[in-house]
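Comments concern the structure below.
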Amino acid sequence: MGHGSQRIDRVVDDGQVTSEKGSRPSSEPRPSNEPTPSPADNPADSTSGNPADSTSGNPTRSRMWLILLVVAVTVLVADLITKIVAVALIEPGDPVEIIGDTVTFKLVRNSGAAFSMATGYTWILTLIALAVVAGIIRYSHRLGSIWWALGLGLVLGGALGNLIDRIFRAPGQLRGHVVDFMSVGWWPVFNVADSAVVCGAIGLVVLTLFGFEFDGTRSGGAKDADDPARTDSEDATGSAKSDRQAPDA
């Protein structure tokens with residue numbers, strides 16, 4: 001009974017209960033010189049941040065780079081295969097009708113840019129394509145938007161597809177003619193690479209117009225409208241700061 005009584009909580013003068021080991025009651029204020037526990041001391045508290053930060057599911061930038069690479073390689077492979085097949089099966093000057101005269105396969109050697117534009121400036125276009133490819137590769141590590149990754153992947157794959165033609169096809173290096181074979185109505189003859197470059201460029205322009213940034217953020221009021229929870233949190237934080245700064249009545 002004597003040893004057991006030492007474990008019994010004793011009542012202090014103010015009526016609060018404390019243990020024999022001298023632990024402080026929950027209602028007793030903490031001394032000012034006692035350090036405040038940090039979240040690291042309590043792992044349970046370290047996970048009580050903003051739920052959106054841990055459950056947002058946004059892909060990492062490494063995953064964005066992987067998406068860009070997969071799209072670019074897919075476009076490049078499709079462009080190379082279709083050009084090889086077109087050169088092997090289509091005779092120059094003998095178009096293959098798919099839907100009458102509206103959609104045909106027509107083999108054309110193009111010394112210009114996409115859709116047979118800027119003919120006669122092959123070496124300049126080659127240098128421009130090299131600069132585009134280098135620029136995309138250099139800044140791809142900053143990607144934070146899946147839509148930008150898709151758009152840049154299309155542009156990169158298309159640029160590489162036509163660049164390979166300019167480097168390795170006749171009449172010579174950096175002056176090679178690009179193989180075009182698809183003809184739709186009045187539209188100039190084109191290939192898979194041309195389509196990818198145009199679609200990717202249009203997509204990037206649309207993203208820019210709607211405020212989608214390269215790093216995954218949104219500019220202007222679009223960002224606030226897209227994330228109302230963040231806006232409410234910022235408003236609450238601002239109100240709390242105003243209350244602390246207001247003078248006492």
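Quick caveat, the model's predicted, so the values are computed rather than measured. The first residue in the sequence is number 1, and the count goes up from there.
For the pair Arg109 (side chain) and Pro92 (backbone), a donor-acceptor distance under 3.5 Å is absent. A donor-acceptor distance shorter than 3.5 angstrom exists from the side chain of Ser195 to the backbone of Asn191, with no hydrogens or angles considered.
Sorted by first and then second residue, the pairs that involve residues 83-103 and meet side chain to side chain donor-acceptor pair (under 3.5 Å), not counting sequence neighbours, are Asp79-Lys83, Lys83-Asn162, Lys83-Asp165. Screening residues 139-153 for side chain to side chain donor-acceptor pair (under 3.5 Å) gives Trp65-Ser140 as the qualifying pairs, with residues at least two apart or on separate chains.
Within the model, atoms CG of Leu156 and CG of Leu69 stand 8.5 Å from one another, a figure rounded to the nearest 0.5 Å. Interatomic distance, CG of Leu143 versus CZ of Arg63, reported as 13.5 Å (0.5 Å rounding). Rounded to the nearest 0.5 Å, atoms CZ (Phe181) and CG (Leu107) are 9.5 Å apart. Expressed to the nearest 0.5 Å, how far CG of Asn110 lies from CZ of Arg169 amounts to 12.0 Å. With rounding to the nearest 0.5 Å, the separation of CG in Asp194 from SG in Cys199 is 10.5 Å. Here Ile202 contributes atom CD1 and Leu207 contributes atom CG; the two are 12.0 Å apart, rounded to the nearest 0.5 Å.
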May I have the step-by-step check of side-chain contact (heavy atoms from CB on, under 4.5 Å) for Leu154 and Leu150, ending in yes or no?
-> CA-CA 6 Å; Leu154 290 173; Leu150 291 173; 5.7 Å; no
Mind running side-chain contact (heavy atoms from CB on, under 4.5 Å) on Leu152 and Phe214 for me, showing each step along the way?
-> CA-CA 10 Å; Leu152 289 176; Phe214 186 84; 3.4 Å; yes
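In the hydrophobic cluster analysis, where Ile, Leu, Val, Met, Phe, Trp and Tyr join through side-chain heavy atoms closer than 4.5 angstrom, Val87 is grouped together with Phe190. Note on Ile90: it clusters hydrophobically with Val103, by side-chain heavy-atom contacts below 4.5 Å among ILVMFWY residues. Transitive grouping of hydrophobic side chains (ILVMFWY, heavy atoms separated by less than 4.5 Å) keeps Val85 and Phe168 in distinct clusters. Ile164 and Ile81 fall into different hydrophobic clusters, where Ile, Leu, Val, Met, Phe, Trp and Tyr are joined by side-chain heavy atoms under 4.5 Å apart, directly or via other members. Residues Phe210 and Leu204 fall within the same hydrophobic cluster, defined by Ile, Leu, Val, Met, Phe, Trp and Tyr side chains chained together at heavy-atom separations under 4.5 Å.
Residues Thr82 and Val179 have side chains not in contact (no heavy-atom distance under 4.5 Å, counting atoms from C-beta outward).
Closest approach of Gly158 to Ala193, counting heavy atoms only: O-CB, 3.3 Å. Taking every heavy atom of both residues into account, Leu160 and Leu76 meet most closely at C-CD1, 3.9 Å. Pairing each heavy atom of Val197 with each of Ala159, the nearest pair is CG2-N, 3.7 Å. Shortest non-hydrogen contact noted between Val192 and Met182 is N-CE, 3.6 Å. Closest approach of Thr74 to Val70, counting heavy atoms only: OG1-O, 2.7 Å. When all heavy atoms of Val189 and Lys106 are compared, the closest pair comes out as CG1-O, 3.7 Å.
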